[in-house]
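I have a structure here, written as structure tokens, and I will follow up with some questions on it.
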Amino acid sequence: MNNYSIEITQPYDLHQTLYSGQAFRWEYIEDTESDQSWHQGFIKNRRLRIRQSETHIHIKTTEKYTETEISDVISYLRLDDNMETIYAKISNDKYIISAIKKYQGLHILRQDPWETLITFICSSNNNIPRIRQLVNSMSLNFGQKGKDEFGVFNLFPSSFELYDAGEQSLRDIGLGFRAKYVSAAAELAVQKKINVNELINKSYQYSLGELIKIPGVGDKVANCILLFSLDKLEAFPVDVWIKRVLKEVYINKKNKIPDTKIRSWAQEKFGPYSGYVNQYLFHNRRLFEKSIMKNL
DNA sequence: ATCGAACCTCCAAT
DNA sequence: AATTGGAGGTTCG
């Protein structure tokens, strides 16, 4: 086993960040050796465990890490985001300020674009536990197998592996109508008609245009991919939760406005860090709902 | 351009 | 115990 740590110099909330509905493969586990709780998952197809203490992010791996792998973790967790600046720029009103205060340290992640594309195609008309189940099932059935001291695992399947799987077997493991979208997206990737990885170097607008050409990807899913994997902090996914917040706080609720209009309106209003506003408002509204459920 | 259905599947709430 | 409705949307007509 190898242990590494990264000093935290800014607000960070690892737990909220990993389970806020942007990533679907992290799991909370008890580590028998250290008798501590860790989050187990994958970064750049390497399996690792991470946890947060007061001052550090701790990493535990079964393979040796060099500076390259450590900076992959920093990049994935966006530990280098300057939260002071971001908070200052998005503190437009009381509602946002209170959400920031409540979920101090909640971050956007910088995930793998291919995996993010596929998982958010699967998110359509679906709920989080089931998205997790589908992502797991795809990995188990079509991803490359591996084994380390933590045990056996499966990587998230590559475009080739999903293309080989084909629509029917994706349907068989429960993707439903999403099976043909995932299979079509995999085919496009194999044929090199799309390359989501290269979009990290392109503009928001251009990348959005490219993404919505992919079957199963509309404005909402595209904005999720842009925000959670392609480094576009101005992205603003409009889903039911965000619509609830916007209608309750910002927009006259009687108006019926198309989602893309709502998005551009929000981006105009909230600015280049709209994605962070989105994440805090979304998280706040969703957990608020949960707390109501608990009290019943 | 805009609008409402239909879509796979699971599961919680009638 | 069987049925219905909705889930972090997209596509098709």
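Naming: A, B, ... by sequence-line order, numbering from 1 per chain.
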Worksheet item: What residue pairs, at least two apart or across chains, pass salt bridge (charged side-chain N to carboxylate O under 4.0 Å, His left out) with a residue in residues 15-25 of chain A?
Response: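 Pairs touching residues 15-25 of chain A that pass the test: none.
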
Fill in: Electrostatic pair A:R46:A:D72 at N-O distance under 4.0 angstrom
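Here A:R46 pairs with A:D72 in a salt bridge, since their nearest N and O are under 4.0 Å apart.
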
Worksheet item: Can you give one letter per nucleotide of nucleotides 7-13 of chain C, going 5' to 3': B for a protein heavy atom under 4.0 Å from the base, S for sugar-phosphate only, - for none?
Response: BBBSS--

Discussion item. Using atom C1' in both nucleotides, what's the gap between C:dT10 and B:dC11 to the nearest angstrom?
Written reply: 23 Å

Practice prompt. Pick the C1' atom in C:dG5 and in B:dA5, then give their distance to the nearest Å.
Written response: 15 Å

Worksheet item: What distance, rounded to whole Å, do you find between the two P atoms, one in B:dC10 and one in C:dT11?
Response: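 Result for the P pair: 23 Å, nearest Å.
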
Worksheet entry | Co-members of A:F42 in a cluster of I, L, V, M, F, W and Y side chains, linked at under 4.5 Å | A:F153, A:L155

Practice prompt. Not counting sequence neighbours, which residues clear side chain to side chain donor-acceptor pair (under 3.5 Å) with A:S183? List them please.
Written response: none

Worksheet entry | Qualifying residues under ring-ring contact (aromatic ring centres under 6.0 Å, His included), relative to A:Y276, sequence neighbours excluded | none

Discussion item. Could you tell me how far B:dA6 sits from C:dT4 if I compare only their P atoms? Round to whole Å.
Written reply: 14 Å

Discussion item. Could you tell me how far apart A:K261 (NZ) and B:dT2 (C1') are, to the nearest whole angstrom?
Written reply: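 Whole-Å distance recorded here is 11 Å.
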
Worksheet entry | Distance, P atom - from B:dG4 to C:dG6, rounded to whole angstrom |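 Roughly 16 Å separates the two P atoms.
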
Fill in: Pairing annotation in dot-bracket form, given for DNA chain C with Watson-Crick or G-U pairs under 3.5 Å and | for cross-strand partners
.||||||.|||||

Worksheet entry | Sequence-distant partners of A:S91, side chain to side chain contact (heavy atoms under 4.5 Å, CB included), two or more places apart |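 Scan of A:S91 (side chain to side chain contact (heavy atoms under 4.5 Å, CB included), adjacent residues dropped) gives A:I97, A:I100.
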
Would you be so kind as to tabulate the donor-acceptor pairs closer than 3.5 Å made by side chains of residues 187-197 of chain A, with sequence neighbours excluded?
from, atom 1, to, atom 2, distance (Å)
A:N195, OD1, A:N197, N, 3.1

Item to complete: Report the distance from atom CG of A:L170 to atom C1' of B:dC7, rounded to the nearest whole Å.
Response: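 After rounding, the reported distance stands at 17 Å.
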
Practice prompt. Please list, chain by chain and in numerical order, all residues satisfying salt bridge (Lys or Arg N to Asp or Glu O under 4.0 Å) with A:K213, sequence neighbours excluded.
Written response: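 Scan of A:K213 (salt bridge (Lys or Arg N to Asp or Glu O under 4.0 Å), adjacent residues dropped) gives A:E210.
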
Practice prompt. Go through the structure and list residues passing ring-ring contact (aromatic ring centres under 6.0 Å, His included) with A:H15, not counting sequence neighbours.
Written response: A:Y19, A:Y28, A:H39

Please table the atom pairs, donor to acceptor, closer than 3.5 Å between any side-chain atom in residues 263-275 of chain A and protein atoms at least two apart or in another chain.
from, atom 1, to, atom 2, distance (Å)
A:R263, NE, A:D219, OD1, 3.2
A:R263, NE, A:D219, OD2, 2.7
A:R263, NH1, A:Y204, OH, 3.3
A:R263, NH1, A:Q267, OE1, 3.0
A:R263, NH2, A:D219, OD1, 2.9
A:S264, OG, A:T260, O, 3.2
A:S264, OG, A:K261, O, 3.2
A:Q267, NE2, A:Y204, OH, 2.9
A:Q267, NE2, A:E234, O, 2.8
A:S274, OG, A:G271, N, 3.4
A:S274, OG, A:G271, O, 2.5

Worksheet item: So, for A:G41 and A:W26, which heavy atoms are closest and what is the spacing to 0.1 Å?
Response: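 Shortest heavy-atom separation between A:G41 and A:W26 comes out as N-CZ3, 3.2 Å.
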
Discussion item. Please list, in numerical order, the residues of residues 184-192 of chain A that have a heavy atom closer than 4.0 Å to any atom of DNA chain C.
Written reply: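 Within residues 184-192 of chain A, no residue comes under 4.0 Å of DNA chain C.
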
